[in-house]
Colleague: 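Have a look at this one.
Quick note: numbers below take in every heavy atom, side chains included, and nothing from hydrogens, waters or symmetry partners.
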Amino acid sequence: MQSLAKIRYKNAIYVDKTKLIYELVTGGAIYFLSRPRRFGKSLVISVLKELYLGNKSLFEDLWIYDKWDWSKTSPVIHISFDETNYDDAGLDEAISFELKEHADKYGIELSATHYKMQFKELLKKLNAKHGKVVLLIDEYDKPIIDYLEKEGMETALKNQKVMKQFYSVLKNSDDLMELIFITGVSKFSKVSLFSDLNNPSDITLNKKYSTLCGYTQEELEFYFDAYLIQISEKLNLTREALLEHIKVWYNGYSWDGINRVYNPFGTLNFLDNEEFQNFWFATGSPNFLIKQMKIQTIFNVENVSVNTTQLEKYNIENITLIPLLFQTGYLTVKEKNTMTGDMILDYPNKEVRESMYQFLIDDLSYNPHRTHTGMTIKDLQQALVSKNLAKARDIINALLAALPYEAYKNQSEGFYHGLLHLIFSYLGMFIQSEPHLSHGRADVIVETLTDVFIFEFKFNKTAQEAITQIKNNAYADKYRILDKPITGIGVNFNEKKRKIDEWLEEIL
């Protein structure tokens, strides 16, 4: 539920974030917050709206109840671009309609006909009649990101200009405003949508507000205790074991590298369905992301090193992949150096990691119906665990050789290495597998309970070259302490034959 009123009237659970919201509104006036979809941004907006409208009864028993001055209210302009009809009417007309709706609600007549002048007129008349205005904008970037595919770029650029003009009204409106709070998935730094706002505070990576959206461990255990008891009994798990499973699946999101939160959508759906599934990932359509990963031939995005400034490089006409993956919630902050702003990004949890591997493998192997891939990976797991290397060879070969002709057009060694990386990364969900596919280390190390397998992949070369590289670079040395048999496996993929043409094994 995205409405505080609906949650409270239905006697549903509201995870109380009003202490953070109180600190927010008493500490500044202009805010921007970026969070992934379905992460609670709209609910934060709803809480702010009800707070400034003075709906005291909705806050009974919440932290802020006896700390807020309920005698003071403010007029609220609340626009959610997720709900505006810009697709049919055009963004300028959609904004104009929203402004007229707000004017009617407050008994104000607008004489202007252009949305920019209407906005200016509405702010002035609202301020004169009711006092300083609260502006709440939800999903500000939706009219842009909906059209980022090549065929829609013209509309995206057009909507960008409309948005910039809309926000330019706020440049000289400080004396009219009580609070400006804007949320979205993305932060378009270079397009300067907010360049006319006076000193906006971007709290996206601010440690102080890192838990404003999502559930902390303490909140999960406190607010949903009854559900946890019921599910642990149903699944025949101890409370501790259940919590560990939930953490692996739905926790892991962080914007400061310290505080981690649960994805609220995934968590709530798990508590409702009482079984572990892909909930959040399944609601999105990462086709645009997958297309960008293919175009840029970037498939290994685990443990990526970035700087804070790099995450703000989000230009409509020149999409930078890593910031896009971060802002949309497919990557999150694993570690952060507060002195330098350097960060390590990674997949947040099992749901996102496993889903992304599966989606990428299916897409790269032209498997639009997403059939059998998961089972193929599990077949590979069983083959390696049982030391059936002939079967492992056949499975890998089948994954590569089954690619249709289209997959081979204009592809390089990086494409095949990328696909192999994904295959073994996905394998790592079931077995200890370290896919590196970079210079200076073996391509893939697979460790089972009984063995270690060191893979080196070549492209249009020979399997013997791969074995020689494994031995010359002493890739096996660090694993000798395990006291397990170590097998080097040299593999060559032949582009013309479109399959593995050489596979050599050697005990190391």
Colleague: Does any pair with a residue in residues 82-100 pass salt bridge (charged side-chain N to carboxylate O under 4.0 Å, His left out), and if so which ones, sequence neighbours excluded?
Modeller: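 Applying salt bridge (charged side-chain N to carboxylate O under 4.0 Å, His left out) to every pair that reaches into residues 82-100, excluding sequence neighbours, yields Asp82-Lys142.
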Colleague: Can you pull the side chain to side chain donor-acceptor pair (under 3.5 Å) pairs that have at least one residue in residues 70-81, sequence neighbours excluded?
Modeller: Asp69-Ser71
Colleague: Could you give the side-chain donor-acceptor pairs of residues 44-56 under 3.5 Å, partners two or more places apart or in another chain?
Modeller:
| unit_1 | atom_1 | unit_2 | atom_2 | d |
| --- | --- | --- | --- | --- |
| Ser46 | OG | Leu4 | N | 2.9 |
| Glu50 | OE1 | Asn55 | ND2 | 2.4 |

Colleague: Report yes if some heavy atom in the side chain of Lys41 is under 4.5 Å from a heavy atom in the side chain of Leu43; otherwise report no.
Modeller: no
Colleague: Which pairs count as salt bridge (charged side-chain N to carboxylate O under 4.0 Å, His left out) when at least one residue sits in residues 253-280, sequence neighbours excluded?
Modeller: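 Applying salt bridge (charged side-chain N to carboxylate O under 4.0 Å, His left out) to every pair that reaches into residues 253-280, excluding sequence neighbours, yields Lys234-Glu274.
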Colleague: Once side chain to side chain donor-acceptor pair (under 3.5 Å) is applied, what residue pairs with a partner in residues 101-113 remain, sequence neighbours excluded?
Modeller: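 Found Ser111-Glu121.
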Colleague: Can you tell me which residue pairs pass the side chain to side chain donor-acceptor pair (under 3.5 Å) test with a partner in residues 28-38, sequence neighbours excluded?
Modeller: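 Every pair satisfying side chain to side chain donor-acceptor pair (under 3.5 Å) with a residue in residues 28-38: Arg37-Thr283, Arg37-Tyr330, Arg38-Thr283.
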Colleague: Would you say that Val261 contacts Asn259 through its side chain, given a criterion of any heavy-atom pair below 4.5 Å between the two side chains?
Modeller: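 No, too far: nothing below the 4.5 Å cut-off.
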Colleague: Classify the angle between the aromatic ring planes of Phe166 and Tyr115 as parallel (below 30°), tilted (30 to 60°) or perpendicular (above 60°).
Modeller: tilted
Colleague: Measure across Phe279 and Phe265 and return the closest heavy-atom pair with its distance rounded to 0.1 Å.
Modeller: O-CE2, 3.6 Å
Colleague: Just jot down the salt bridge (Lys or Arg N to Asp or Glu O under 4.0 Å) partners of Asp202, sequence neighbours excluded, or say none.
Modeller: Lys187
Colleague: Rounded to the nearest 0.5 Å, what separation is found between the CG atom of Asp16 and the CD1 atom of Ile21?
Modeller: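 It is 8.5 Å, given to the nearest 0.5 Å.
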Colleague: Using salt bridge (Lys or Arg N to Asp or Glu O under 4.0 Å) as the criterion, list what pairs up with Lys350, not counting sequence neighbours.
Modeller: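 By the salt bridge (Lys or Arg N to Asp or Glu O under 4.0 Å) rule, Lys350 matches no residue at all.
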Colleague: Any ring pair (Phe, Tyr, Trp, His ring centres under 6.0 Å) pairs touching residues 208-238, not counting sequence neighbours?
Modeller: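 Listed once each, the pairs are Tyr215-Phe224.
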Colleague: Heavy atoms, side chains only, cut-off 4.5 Å: are Trp280 and Val352 in contact?
Modeller: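 Yes, their side chains come closer than 4.5 Å.
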Colleague: Once you measure the plane-to-plane angle for Phe276 and His245, does it fall in the parallel (<30°), tilted (30-60°) or perpendicular (>60°) bin?
Modeller: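 Ring orientation, 0 to 90° scale: tilted.
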Colleague: Are Tyr22 and Trp63 close enough that their ring centers fall under 6.0 Å?
Modeller: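 Yes; Trp63 has its ring centre under 6.0 Å from that of Tyr22.
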Colleague: So which pairs with a foot in residues 332-355 pass ring pair (Phe, Tyr, Trp, His ring centres under 6.0 Å), sequence neighbours left out?
Modeller: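 Matches after skipping sequence neighbours: Tyr347-Tyr357.
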Colleague: Please name all residues satisfying side-chain hydrogen bond (donor to acceptor under 3.5 Å, both in side chains) with Ser42, sequence neighbours left out, ordered by chain then number.
Modeller: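 Asp138.
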Colleague: Using the test salt bridge (Lys or Arg N to Asp or Glu O under 4.0 Å), find all partners of Lys247 that sit at least two apart in sequence or belong to another chain.
Modeller: none
